[in-house]
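These numbers come from a predicted model, not from an experiment.
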Amino acid sequence: MSAGGGREEGAAAAAMLQLLREQPEPQAEESGARRFALCLPPGEEVKEVEETIEEMLIRLDEFCGMTDVIRSDTSQILDETIPLIKAKVVEMNNIYAKIDKLEAFVKMVGRHVSFLEEQVLQAEGNHSTVSHAVRKLLQSAVIPSFKNKHTPSAQHTYDLPKLYRTEDYFPMNYIGTKYQSH
């Protein structure tokens, strides 16, 4: 470059500095930017700094936009979703209580079935030994007319123990409406 070109650039920079110093400072941020601009040499370096600052401002705007979206999503979750979840928790607790009652009912029925099964086996055992003994006795007898006839064994009465009643747990009107609706 020629010495005259350098002087012209220097004079232009000095004139720019003079203009900047004479203008009133409207905001503190602008005054900081002006002071920073005064320190930089004119030319390409200033453009690079301006582009970098502009890029950082764009990214800052994007960041602020994302934080706003996060805030609105959080508000939506707090205002709408959490009450729905709480309602479902109450509903599920009711279902769990019903399941617990059904499990207790199934255990009770299982105990009663086991008890009745034992009594049936005992009755079958008693009946088979008595009828078997009577048959042997009659078959060993010489009277042919008794061989072909079956003698009724002694009638044993069976008293059903006090058990649950299904109707107490599943009323007939409830069962009838359930099956009629399907």
Side-chain angles (χ1 to χ4, degrees), residues 1-118 161-182:
M1 282 196 154
S2 65
R7 277 190 221 146
E8 287 176 11
E9 284 180 13
M16 183 69 91
L17 284 174
Q18 186 61 30
L19 282 175
L20 288 174
R21 287 183 184 142
E22 291 174 0
Q23 292 181 355
E25 296 179 11
Q27 294 179 355
E29 294 149 358
E30 286 184 17
S31 68
R34 285 186 184 158
R35 288 185 192 137
F36 182 69
L38 293 175
C39 298
L40 293 175
E44 289 296 317
E45 291 176 11
V46 173
K47 281 187 177 181
E48 287 178 22
V49 170
E50 285 177 350
E51 288 173 1
T52 304
I53 290 173
E54 189 65 33
E55 187 176 318
M56 291 177 81
L57 288 174
I58 290 171
R59 288 188 181 162
L60 181 64
D61 285 341
E62 290 173 353
F63 177 76
C64 290
M66 285 187 348
T67 56
D68 289 342
V69 167
I70 290 170
R71 271 192 215 116
S72 68
D73 287 350
T74 303
S75 296
Q76 180 184 5
I77 288 170
L78 291 174
D79 295 340
E80 297 172 10
T81 309
I82 289 179
L84 291 175
I85 291 172
K86 285 182 179 180
K88 288 294 181 185
V89 164
V90 169
E91 185 179 327
M92 291 305 295
N93 285 337
N94 291 335
I95 290 172
Y96 294 148
K98 288 178 182 179
I99 289 171
D100 291 341
K101 287 178 183 178
L102 281 173
E103 284 178 347
F105 177 76
V106 167
K107 285 180 184 178
M108 179 192 64
V109 170
R111 286 191 308 268
H112 288 182
V113 167
S114 296
F115 173 74
L116 289 175
E117 189 174 346
E118 286 176 22
K162 180 75 174 151
L163 300 174
Y164 74 95
R165 291 177 36 94
T166 306
E167 294 82 20
D168 294 341
Y169 293 95
F170 302 102
M172 292 305 287
N173 59 358
Y174 174 76
I175 293 173
T177 58
K178 262 306 209 197
Y179 289 117
Q180 289 172 359
S181 66
H182 291 284

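Leu57 CG to Thr52 OG1: the interatomic distance, rounded to the nearest 0.5 Å, is 11.0 Å. For the atom pair Leu60 CG and Met56 CE, the distance stands at 8.5 Å (nearest 0.5 Å). Taking CG of Leu84 as the reference point, atom NZ of Lys88 lies at 8.5 Å (rounded to 0.5 Å). Summarising the geometry, atom CD1 belonging to Ile77 is positioned 8.5 Å from atom CD1 belonging to Ile85; distances are rounded to the nearest 0.5 Å. Atom OH of residue Tyr96 and atom CD of residue Glu91 lie 10.5 Å apart, to the nearest 0.5 angstrom. Atoms CD1 and NZ, from Ile99 and Lys101 in turn, are 12.5 Å apart once rounded to the nearest 0.5 Å.
Paired with Arg71 under the rule side-chain hydrogen bond (donor to acceptor under 3.5 Å, both in side chains), one option of Asp68, Asp73, Thr74 passes, and it is Asp68.
With salt bridges taken as basic N to acidic carboxylate O contacts below 4.0 Å, one links Arg59 and Glu55.
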